[in-house]
Amino acid sequence: MKAKVVIFALMGIVLMAFGTFRINSKNQDQELKALQESPDRGTLNWHARVAKAQGKNQVQLRAPIIDYPGPDSNIDRILSYYSAIVAEPIFKRSYADDGQRQIVTWYKFKVVETLSREDIASCATCAGNSVKPPEDLLPLSKDEFVVMQYGGTETIDTVQITTVDPEFPAFALSEPYLLFVRLNTSGVAAIGVGPEAVFAVDASGVLRSVNRRPNRVKKEMETRFNLSLDALRTGVKSRPYPQEELHN
């Protein structure tokens with residue numbers, strides 16, 4: 001008799017749990033459906049609400065695809081329009097972008113060596129001169145500049161949201177990089193040609209591309225300079241100065 005009572009009690013608990021699950025599942029479906037019609041759909045706050053409705057506390061978003069100028073340019077042309085600099089990121093901080101749809105990370109770089117310098121972005125009409133770095137990264141010393149990159153992590157309404165760009169991984173703090181940059185008057189640097197022309201520099205001066213996508217810059221860096229910072233340094237001193245424009 002006692003065994004039957006126990007069995008009936010267990011069956012009642014199971015039925016109650018199943019009923020509660022169905023109610024919660026129905027409420028979740030209704031909430032998710034309402035979120036699909038929300039006017040702020042696609043914002044970071046919206047992604048946080050969707051995650052919470054799904055019982056999640058983490059979200060990963062894909063960074064937007066950026067059309068960088070000069071993807072088919074050779075090294076000499078790039079050096080005619082961008083400064084070649086070895087620099088180390090010494091500070092970083094992530095923020096929601098102005099549209100509240102992506103996470104961006106701002107890096108403060110300290111210049112280790114300037115291989116060549118082009119100051120064509122000092123003109124008043126150059127693009128990007130109106131961009132101001134976050135106050136958290138100021139002031140900037142003469143040997144410092146800042147770079148904005150899509151990617152990073154922010155916590156919004158208890159949900160950890162991460163933006164990832166698989167083609168342009170995050171910079172490692174205190175590690176040297178070879179960059180081709182255009183500096184504007186506010187200290188913000190635009191990276192020329194994008195991640196295909198960004199190289200990590202190891203202790204022996206060997207250059208390592210930060211992504212795996214093949215392109216002309218990487219091939220030339222390998223065949224002409226043997227992925228060597230020393231060889232590039234020598235080549236920069238004797239390079240020609242073509243006047244062709246980089247394709248935007």
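Throughout, numbering of the chain's residues begins at 1 and tracks the sequence.
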Side chain to side chain, N45 and I156, heavy atoms closer than 4.5 Å: yes
Within-4.5 Å side-chain heavy-atom neighbours: M221 and L232: yes
For the backbone of [Y] and the side chain of [X], can you confirm whether one donor and one acceptor N or O come within less than 3.5 Å of each other?
X: S141; Y: E144; value: no
X: T163; Y: I103; value: yes
X: E222; Y: V217; value: no
X: E88; Y: A172; value: no
X: E220; Y: I75; value: yes
X: R41; Y: Q36; value: yes
X: S228; Y: A231; value: yes

Where [X] and [Y] come nearest, the two heavy atoms and their spacing:
X: K56; Y: V159; answer: O-CG2, 4.3 Å
X: V201; Y: G205; answer: CG1-CA, 4.0 Å
X: V210; Y: P195; answer: CG2-O, 3.6 Å
X: G151; Y: S94; answer: O-OG, 4.3 Å

Should [X] and [Y] count as an ion pair when the cut-off is N to O under 4.0 Å?
X: D143; Y: K110; result: yes
X: E196; Y: K218; result: no
X: R233; Y: E113; result: yes
X: D157; Y: R49; result: no

Nearest 0.5 Å, what's the [atom1]-[atom2] distance between [X] and [Y]?
X: H47; Y: L61; atom1: NE2; atom2: CG; answer: 4.5 Å
X: K108; Y: D136; atom1: NZ; atom2: CG; answer: 9.5 Å
X: N211; Y: D165; atom1: CG; atom2: CG; answer: 9.0 Å
X: L137; Y: K132; atom1: CG; atom2: NZ; answer: 14.5 Å
X: I78; Y: S83; atom1: CD1; atom2: OG; answer: 12.5 Å
X: N226; Y: L207; atom1: CG; atom2: CG; answer: 9.5 Å

Centroid-centroid distance, Y81 to F180, less than 6.0 Å: no
Criterion side-chain contact (heavy atoms from CB on, under 4.5 Å) on L115 and I85, from CA distance to verdict: CA-CA 6 Å; L115 278 69; I85 293 174; over 6 Å; no
Intermediate values then yes/no, side-chain contact (heavy atoms from CB on, under 4.5 Å), V188 and M148: CA-CA 8 Å; V188 177; M148 189 276 284; 5.9 Å; no
Are [X] and [Y] linked, directly or through other ILVMFWY residues, by side chains that come within less than 4.5 angstrom of each other?
X: L44; Y: W106; result: no
X: L179; Y: L140; result: yes
X: V236; Y: L178; result: yes
X: I161; Y: V50; result: no
X: V206; Y: F171; result: no

S186 and N184: side chain donor to acceptor below 3.5 Å: yes
D40 versus S38, side-chain donor and acceptor atoms under 3.5 Å: yes
Partners passing side-chain contact (heavy atoms from CB on, under 4.5 Å) against A170 (at least two apart in sequence or in another chain): Y107
Enclosure of R62 CZ (heavy-atom neighbours >12, cutoff 6.0 Å): yes
Aromatic ring pairing Y177/F109, orientation class (parallel under 30°, perpendicular over 60°, tilted between): perpendicular
Full working for side-chain contact (heavy atoms from CB on, under 4.5 Å) between R93 and T105: CA-CA 6 Å; R93 182 157 294 177; T105 298; over 6 Å; no
Audit row: T158, N57, side-chain contact (heavy atoms from CB on, under 4.5 Å) steps and yes/no: CA-CA 7 Å; T158 72; N57 58 11; over 6 Å; no
